[in-house]
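What follows is a short report on a single structure.
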Amino acid sequence: MSSKEQDIYAAAYAIAERAHAGQFRNLPDARPYFEHVKDVAALMPTWDLKTVAILHDAIEDTTEKPEGIKVTEESLRHAGIPEHIIAGVVAMTKPEGANYEAYIRERVKPNALARLVKLADNYVNLKDRLAALIAGDQSVAAKIHDYGLSLKILTEE
C-alpha cells in the first residue's frame, strides 16, 4: 500500500469509526457495529477493497445522523476518497425500501469492488447469524436465507 493509499484508508477508517460510534450488532454478542466493518475489511486483499469494506455500511447507517457524522457521496468526496471507491460504497448502499434481491442484482453485482465486498459481508454476517441460530435464536433464519440468495446471485455467471 502506498503512502497515498494509506492516507485514504486512514481517512475512510476514521469516517467509518465515527459513523458507527454507539451502534451495536443486533445479535446475542452485541458487539460494537464497527467491529463488523473491520471484520469485512480484514478479509480484503487490496487497499481499494479494504476501503470500500470499511465504509460499506456508512452511508446506509447514517441517514438519520447529524451533519458531521452523516456520510454521503459528497462528504466522501470532500474527505478525498477516490471516485471508484465512492462508487463501490454507493453500490453497497441499499436504498430504503428496496427489494433485497433487486438491490443485489442491480446495484451490487455490476460493481466489481462492491461485489467482492458483499461476498465478504455475507460471509461475516452468515457466520455471526449462524452462531445465533446454533444458540437457539430462530429469528435469524430469514436473514440467513437472504445471505444465501445474495451469495447465489453474486457467484452466478
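Please read these numbers as outputs of a predicted model, since none were measured by experiment.
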(request) Mind running side chain to side chain contact (heavy atoms under 4.5 Å, CB included) on Leu49 and Val52 for me, showing each step along the way? (result) CA-CA 5 Å; Leu49 286 166; Val52 171; 5.8 Å; no

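- Proximity of Val37 to Tyr33: side-chain heavy atoms (C-beta onward) are separated by under 4.5 Å at one or more points.
- Nearest heavy-atom pair across Glu106 and Pro110 is O-CG, 3.5 Å.
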Could you pull out every donor-acceptor pair under 3.5 Å between side chains of residues 84-94 and any protein atom, sequence neighbours left out?
residue, atom, partner, partner atom, Å
Thr93, OG1, Val89, O, 2.8
Lys94, NZ, Ala98, O, 3.2

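- Listed here is the closest heavy atom pair of Asp61 and His20: OD2-CE1, 3.3 Å.
- Checking side-chain atoms of Thr62 against main-chain N and O of Lys65 turns up no donor-acceptor pair under 3.5 Å.
- Of the possible donor and acceptor atoms, none in the side chain of Lys118 sits under 3.5 Å from a partner among the backbone N and O of Val108.
- Clustering ILVMFWY residues whenever any of their side-chain heavy atoms sit less than 4.5 angstrom apart, transitively, puts Tyr100 in the very cluster that holds Leu151.
- For the pair Arg129 and Tyr147, the minimum side-chain heavy-atom distance is below 4.5 Å.
- Note that CD1 of Ile54 is 14.0 Å distant from CH2 of Trp47, once rounded to the nearest 0.5 Å.
- Note on Ile69: it does not cluster hydrophobically with Leu76, by side-chain heavy-atom contacts below 4.5 Å among ILVMFWY residues.
- Remark: Asp146 CG to Ile104 CD1 distance equals 8.5 Å, nearest 0.5 Å.
- In this structure, Glu17 contributes its side chain and Ala14 its backbone to no donor-acceptor pair below 3.5 Å.
- With respect to Lys70 and Glu64, no salt bridge is recorded, no charged nitrogen being found less than 4.0 Å from a carboxylate O.
- Leu43 contributes atom CG, which lies 11.0 Å from atom CG of Leu119 (distance to the nearest 0.5 angstrom).
- A pairwise comparison of heavy atoms in Met44 and Lys50 identifies O-NZ, 2.8 Å as the closest pair.
- A donor and an acceptor atom, one from each side chain of Arg31 and His36, are nowhere located under 3.5 Å apart.
- Atoms CD1 and OG, from Ile8 and Ser3 in turn, are 10.0 Å apart once rounded to the nearest 0.5 Å.
- A donor-acceptor distance shorter than 3.5 angstrom exists from the side chain of Arg18 to the backbone of Gly68, with no hydrogens or angles considered.
- Residue Asn26 qualifies as open at atom CG: its count of foreign heavy atoms under 6.0 Å is 12 or below.
- The closest donor-acceptor contact from the side chain of Ser75 to the backbone of Val71 lies at 3.5 Å or more, if one exists at all.
- Side-chain N or O atoms of Asn125 include one that pairs as donor or acceptor with a backbone N or O of Asp121 at under 3.5 Å.
- A donor-acceptor pair is defined here as one N or O able to donate and one able to accept, closer than 3.5 Å; such a pair exists between the side chain of His56 and the backbone of Ala53.
- Within the model, atoms NZ of Lys152 and CD of Glu101 stand 8.0 Å from one another, a figure rounded to the nearest 0.5 Å.
- With hydrophobic clusters built from ILVMFWY side chains whose heavy atoms lie under 4.5 angstrom apart, Phe24 does not share a cluster with Val124.
- The line from OH of Tyr9 to CG of Leu55 is 8.5 Å long, rounded to the nearest 0.5 Å.
- Environment of CD in Glu96: sparse, with no more than 12 heavy atoms of neighbouring residues, nucleotides or ligands closer than 6.0 Å.
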(request) Applying side chain to side chain contact (heavy atoms under 4.5 Å, CB included), run through Asn122 and Leu154 and close with a yes or a no. (result) CA-CA 10 Å; Asn122 285 327; Leu154 295 173; 3.9 Å; yes

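- Ionic pairing of Arg105 and Glu156 is present here: one or more N-O contacts between side-chain nitrogen and carboxylate oxygen are shorter than 4.0 angstrom.
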